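Heads up: the structure comes next, in structure tokens.
Predicted, not measured: the structure shown is a model, and the values here were computed from it. In what follows, every chain begins at residue 1, and chains take the letters A, B, ... in the order their sequences are listed.
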Amino acid sequence: MHFWLHVLKQGNDAIHLPNFRTFVVLETPVNYMEYDFRAIEKKWQDEWRKRNTYRVTDDNSKPKFYVLDMFPYPSGAGLHVGHPLGFIASDIYARYKRLNGFNVLHPMGYDAFGLPAEQYAIQTGRHPAETTQENITRYREQLDKIGFSFDWDRQVKTCEPNYYKWTQWIFLQLFKSWYNCKSKKAESIDTLIAVFQSEGFKGEAHEFLTGDIEHDVQPFTAEAWNGFSEKEKSGILMNFRMAYLSEAWVNWCPQLGTVLANDEVKDGVSERGGYPVERKRMPQWSMRITAYADRLLKDLDALDWTESMKDAQRNWIGKSEGTSIRFKLEKHDGVVEVFTTRPDTVFGVSFVTLAPEHELVNVVTTDEYRAAVDAYVNVAKNKSERERQADVKTVSGQFTGAYVLHPFTGARVPVWIGEYVLAGYGTGAVMAVPGHDSRDHAFAKHFGLPITQVIQPKDGAADVTAQSYDDKEGTCINSDFLNGLDVKAAIRRAIEEIEKRGFGKGKINFRLRDAAFGRQRYWGEPIPIYYKDGIPTPLSENELPLVLPEVDKFLPTETGEPPLARAKDWKYNGQYDYEWTTMPGWAGSSWYFLRYMDPKNENTFASADAINYWKQVDLYIGGAEHATGHLLYVRFWTKFLYDIGKIPVEEPAKKLVNQGMIQGTSQLVYRINGTNEFVSFGLRKEHDTTALHVDVNMVDNTVLDIERFKTWRPEFADATFILEDGKYICGSEVEKMSKRWHNVVNPDSVCDQYGADTLRMYEMFLGPLDQAKPWNTNGISGVHNFLRRYWRLFHDAQNNFSVSDEAASKPELKTLHKALKKLHEDIERMAFNTGVSTFMIACNELTDLKCNKRAVLEPLTIALSTFAPHIAEELWEKLGHSNSITAETFPAFDEQYLAESSFDYPVQINGKVRFKQTVAVGLSPADIEKEVMTGEEIQKWLEGKAPKKVIVVPNRIINIVV
RNA sequence: GCCCAGGUGGCGAAAUUGGUAAACGUUGCGGUCUCAGAAGCCGUUGGGAAUACCCUUGAGAGUUCGAGUCUCUCCCUGGGCACCA
């Protein structure tokens with residue numbers, strides 16, 4: 001006699017004998033008789049913890065492999081099924097590498113400083129440390145359920161003093177360094193001071209400054225330097241430090257009350273919250289990432305990252321090669337320096353445009369135009385970033401009354417100001433060539449300025465008065481010594497001539513700007529600086545960590561100072577104010593991969609031994625949205641630490657894989673307007689309806705659970721429904737997974753229903769790792785079914801363990817080795833979706849063969865432990881092993897079994913026949929040795945083989961099926 | 001506007017170097033088991049044609065004995081950058 005066991009959706013177990021007529025309707029049919037994943041998964045998670053199975057040591061006898069996930073920010077919402085996608089992939093790869101004899105570092109931690117915890121603190125008064133810790137605890141619970149092989153002993157939290165002590169330490173190193181453009185590396189600021197003491201500063205004549213670092217330091221002699229006050233010296237050195245304080249244009253977000261870095265601003269609004277962002281000039285700590293622009297760009301080539309990721313960084317760095325040209329002012333001593341990538345069009349200049357913020361605007365404006373210019377500049381200044389960006393189509397500008405002289409022709413060229421010229425890029429001034437630049441063209445048209453053609457397109461005439469010809473192809477005309485040259489040659493010739501005559505010089509510009517580093521926020525690392533007599537002074541290293549002080553409120557002070565100004569008696573030595581801004585979110589994440597190597601070290605950020613052993617991340621998995629933020633900053637800090645001799649590698653991660661986002665599938669119901677009646681999806685067009693999002697957990701495969709819906713919200717308690725086929729069918733839409741759309745699916749609920757192994761395999765099965773895809777559970781039963789069938793291979797009909805020690809047959813071995821070979825390939829190239837299929841195919845074949853042979857099941861189970869570690873461990877134990885399966889070796893495949901029954905099928909090419917593709921037909925290896933046959937030989941060769949099917953296209957055998 | 005990735009059945013997708021397109025899963029349909037629901041198991045599921053034939057990888061051309069894969073043009077979707085001179 002057998003009985004049925006069903007489970008209520010809520011998790012209440014109930015046993016039903018067959019003659020019972022009352023049944024529990026199943027949400028998810030699960031037969032606990034067989035594969036009891038709940039017991040198995042709990043057992044092994046406990047067991048792994050007890051045995052410290054995944055503890056990692058710096059074992060020099062094995063090759064190392066470092067698999068890293070981008071650590072999560074622990075938000076209050078907990079994990080949804082999208083979060084673990086990358087973690088599962090990295091876990092499979094880490095387990096695979098471990099089984100292949102590597103010593104694998106696979107850690108996890110938390111990026112724990114950040115805005116949401118602080119916003120929550122402002123609203124509720126709860127300390128961010130407290131809520132962050134709660135969120136971390138919740139994350140850990142969720143992560144533990146999925147069966148990851150993280151070494152939790154190495155966990156890091158960026159908000160803990162023993163971690164941010166070293167973030168502050170790195171800040172101090174940056175503060176104490178400058179970038180030498182000659183040696184192309186960061187060096188101790190002492191070397192610069194030594195130069196100043198002995199020879200002063202010669203401006204551009206100093207080779208180490210001929211790079212692209214911008215500063216406004218006037219030349220001085222050694223005597224002058226030695227006579228400067230401490231404050232003056234400090235001010236000058238600030239222009240060279242890697243971490244520096246300066247008056248700078250920043251992205252100010254009034255709603256968030258803080259400054260944002262460029263990558264934190266999207267389309268003129270803050271990435272977090274979507275609040276407007278303005279330009280504001282204020283004292284600001286910055287990181288001189290621009291010094292590394294060229295190296296950050298160049299070193300991308302050697303990285304094993306996707307092209308799109310590298311391109312995103314290339315775009316962001318935005319290198320453009322061109323030249324600066326100085327235009328002498330007509331009635332002043334000064335010059336207007338412009339930057340252009342098209343010096344070949346210099347004879348087409350009809351005016352020069354300055355950015356409204358340009359410092360020369362005030363100087364050159366004539367009295368006649370002063371009022372108009374002031375008005376224009378004022379309007380421009382008061383516009384927010386967003387307004388300015390939204391407004392790109394309107395042409396605006398103002399003549400200053402001033403003229404410059406064309407360097408080659410001496411012609412008078414009017415000086416305008418225009419919003420379309422950006423203060424922060426190049427020199428903040430452009431030479432306008434309306435014939436060959438569409439923006440200049442629009443400006444010229446609008447203000448009736450002359451348009452000259454200086455480039456002749458190859459395919460004949462272009463009417464530049466109607467439209468500018470921007471292409472970098474053609475021949476120079478109306479251009480004196482450039483006439484007849486094509487664009488490329490003309491650019492070279494023009495630069496040569498400009499340099500020779502001293503009008504300017506070839507120059508490389510980057511779009512990349514220095515990164516704003518101070519945040520007017522509480523929940524971040526304090527910047528280890530205090531102000532002694534107005535001089536920003538670093539703490540000494542043994543004074544670290546500078547611990548985040550307590551404050552009464554997390555808001556700015558009444559006078560607008562950052563929250564840290566509220567901290568009572570928080571002064572250096574009881575007398576000097578500390579810096580009140582804190583570090584941005586990206587600070588802690590810019591070096592965490594190093595801390596995992598030696599997370600508990602009290603004396604240094606990580607010991608030299610550990611760093612030399614682990615070196616860098618071999619495989620880094622995370623979201624593509626970090627392309628221009630985290631991934632650029634972590635490369636920057638890595639290069640810096642390399643320069644100052646602290647680490648042996650220049651790049652944080654050799655290989656980067658971006659996992660695609662898992663979107664939510666929102667479910668919609670249709671309420672007939674003005675009623676409380678809901679109409680099913682298929683019939684909604686017959687009514688005037690409004691779509692409402694409903695909780696996806698109330699919907700099973702588009703069918704709404706009406707009873708649950710009624711209890712969901714009080715207003716739906718007496719709702720009525722128009723059904724189709726007796727069901728209420730919901731509409732669906734793919735949207736970002738968020739509470740707002742009620743489409744969040746938790747990994748916990750999937751683990752409860754199907755188990756962690758099913759969740760792991762299903763997330764992989766969903767599609768290619770790097771692709772964005774909506775979450776749906778349509779296929780999850782297929783994956784779950786696979787695991788049950790796999791379980792059944794080891795058990796008889798009564799669920800008794802039953803594995804045979806007989807030798808495996810050839811077809812069984814063939815199935816095994818085919819699967820192993822494919823798994824090696826699938827996992828190596830991170831095609832985990834096909835990896836799941838490979839297991840399924842093998843399982844199907846073995847089921848068909850009724851194979852329960854140890855010789856086949858043992859190796860396959862080791863392979864399965866990468867994807868589904870819990871069930872694999874359980875079966876491994878049942879197979880009589882007392883050791884954890886993690887101690888095994890990933891089974892190698894044996895070509896012999898594959899070769900024995902397959903051959904390369906012949907294809908005739910130009911009268912010769914070649915063997916191209918391996919097809920299994922059961923021929924002897926001797927047949928395969930022949931590489932080339934004529935058509936006649938094939939006929940002979942086939943004799944006696946009785947092929948089932950031979951497809952012959954005139955004179956050509958396409959395929960043979962035996 | 002510039003740069004990148006992609007477009008294959010009802011759906012998620014596979015095809016790794018140019019070699020039988022649609023593996024694997026799901027959905028639908030049919031069957032089996034059952035007093036019965038569910039699960040399980042078996043068959044079938046790109047299109048057309050009365051069988052073993054033909055057509056089919058966004059569109060069009062090209063290279064090749066052979067193209068989802070390579071080249072060119074175009075269309076569409078997603079992503080990045082953007083008055084960056």
Exercise. NA contact type, Pro774(A), heavy-atom cut-off 4.0 Å: base, sugar-phosphate, or nothing?
Worked result: nothing
Exercise. Do Glu307(A) and Lys310(A) sit within salt-bridge range, that is, some charged N less than 4.0 Å from a carboxylate O?
Worked result: yes
For this session: Would you mind telling me which of rC41(B), rC4(B), rC81(B) lies closest to the side-chain atoms of Thr628(A)?
Result: rC81(B)
Seminar exercise, completed: When both distances are under 3.5 Å in a Watson-Crick or G-U wobble arrangement, the nucleotide paired with rC24(B) is rG12(B)
For this session: Output yes when at least one side-chain N/O atom of Thr834(A) is less than 4.0 Å from OP1 or OP2 of rA23(B), else no.
Result: no
Exercise. With rounding to whole Å, what would you report as the distance between rG78(B) and rG68(B) at their P atoms?
Worked result: 27 Å
Problem set entry | Residue matched to rC65(B) through Watson-Crick or wobble contacts both under 3.5 angstrom | rG19(B)
Problem set entry | Candidates rA85(B), rU16(B), rG25(B) - which lies nearest the side chain of Arg829(A) | rU16(B)
Seminar exercise, completed: Looking only at rG40(B), rC24(B), rC3(B), the nucleotide nearest the Asn785(A) side chain is rG40(B)
Problem set entry | Phosphate-side-chain proximity, Asn833(A) and rA14(B), N/O vs OP1/OP2 below 4.0 Å | yes
Exercise. Can you tell me how far P of rA82(B) sits from CH2 of Trp316(A), to the nearest Å?
Worked result: 6 Å
For this session: Mind calculating the distance between CZ (Arg342(A)) and P (rC83(B)) to the nearest angstrom?
Result: 20 Å
Exercise. Do the ring planes of Tyr420(A) and Phe443(A) sit parallel (below 30°), tilted (30 to 60°) or perpendicular (above 60°)?
Worked result: tilted
Exercise. Relative to each other, are the rings of His630(A) and His626(A) parallel, tilted or perpendicular (30° and 60° limits)?
Worked result: perpendicular
Problem set entry | Heavy-atom side-chain proximity of Ile325(A) to Pro407(A) below 4.5 angstrom | yes
Exercise. For rA13(B), does OP1 or OP2 lie under 4.0 Å from any side-chain N or O of Gln771(A)?
Worked result: yes
Exercise. Phosphate oxygens OP1/OP2 of rC41(B): is one of them under 4.0 Å from a side-chain N or O of Arg788(A)?
Worked result: no
Exercise. When we call it a touch if two heavy atoms are under 4.0 Å apart, what does Val836(A) touch: a base, just sugar-phosphate, or nothing?
Worked result: nothing
For this session: Whole angstrom is fine here: how far is it from OH in Tyr754(A) over to P in rU26(B)?
Result: 12 Å
Exercise. Nearest to the side chain of Thr341(A), which nucleotide is it out of rA82(B), rC3(B), rA85(B)?
Worked result: rA85(B)
For this session: Would you mind pulling out the nucleotide paired to rG6(B), Watson-Crick or G-U wobble, both distances under 3.5 Å?
Result: rC76(B)
Problem set entry | Between P of rA38(B) and CD of Gln753(A), the distance in whole Å | 19 Å
Exercise. Whole Å only: how far is the CG atom of Asp263(A) from the P atom of rA82(B)?
Worked result: 11 Å
Problem set entry | Atom pair distance, as rounded to whole Å: CZ in Arg511(A) and P in rG80(B) | 13 Å
Exercise. If anything within 90° of 0 is syn and all else is anti, what is rG9(B)?
Worked result: syn
Exercise. Checking all strands, does Thr323(A) fall into the base, sugar-phosphate, or nothing category for heavy-atom contacts under 4.0 angstrom?
Worked result: nothing
For this session: Would you mind telling me which of rC81(B), rC24(B), rC83(B) lies closest to the side-chain atoms of Ser837(A)?
Result: rC24(B)
Problem set entry | Leu787(A) side chain reached by Met761(A) side chain, heavy atoms, under 4.5 Å | yes
Seminar exercise, completed: Picking from rC81(B), rU26(B), rG25(B), the nucleotide nearest the side-chain atoms of Ser781(A) would be rU26(B)
Exercise. Which of these nucleotides, rC41(B), rU16(B), rA85(B), is closest to any side-chain atom of Asp437(A)?
Worked result: rA85(B)
Exercise. Tyr425(A) side chain N/O closer than 4.0 Å to the phosphate oxygens (OP1, OP2) of rA85(B)?
Worked result: yes
For this session: Report which part of the nucleic acid Lys822(A) touches: base, sugar-phosphate, or nothing (heavy-atom distance under 4.0 Å, all strands).
Result: base
For this session: Using whole Å, report how far CG of Asp470(A) lies from P of rG1(B).
Result: 12 Å
For this session: Identify the nucleotide, in any strand shown, that forms a Watson-Crick or G-U wobble pair with rA82(B), with both distances under 3.5 Å; if there is none, say none.
Result: none
For this session: Tell me whether the OP1 or OP2 atom of rC41(B) has a side-chain N or O from Arg789(A) closer than 4.0 Å.
Result: yes
Problem set entry | Among rA85(B), rA13(B), rC4(B), the one nearest Val430(A) by side-chain distance | rA85(B)
Problem set entry | Side-chain touch Lys472(A)/Asp344(A), heavy atoms, less than 4.5 angstrom | no
Exercise. Between rG25(B) and Asn844(A), is there an OP1 or OP2 to side-chain N/O distance shorter than 4.0 Å?
Worked result: yes
Problem set entry | Tyr425(A) and Phe339(A) aromatic ring geometry - parallel, tilted or perpendicular at 30°/60° bounds | perpendicular
For this session: Starting from C1' on rG12(B), measure out to CG on Leu766(A) and report it in whole angstrom.
Result: 7 Å
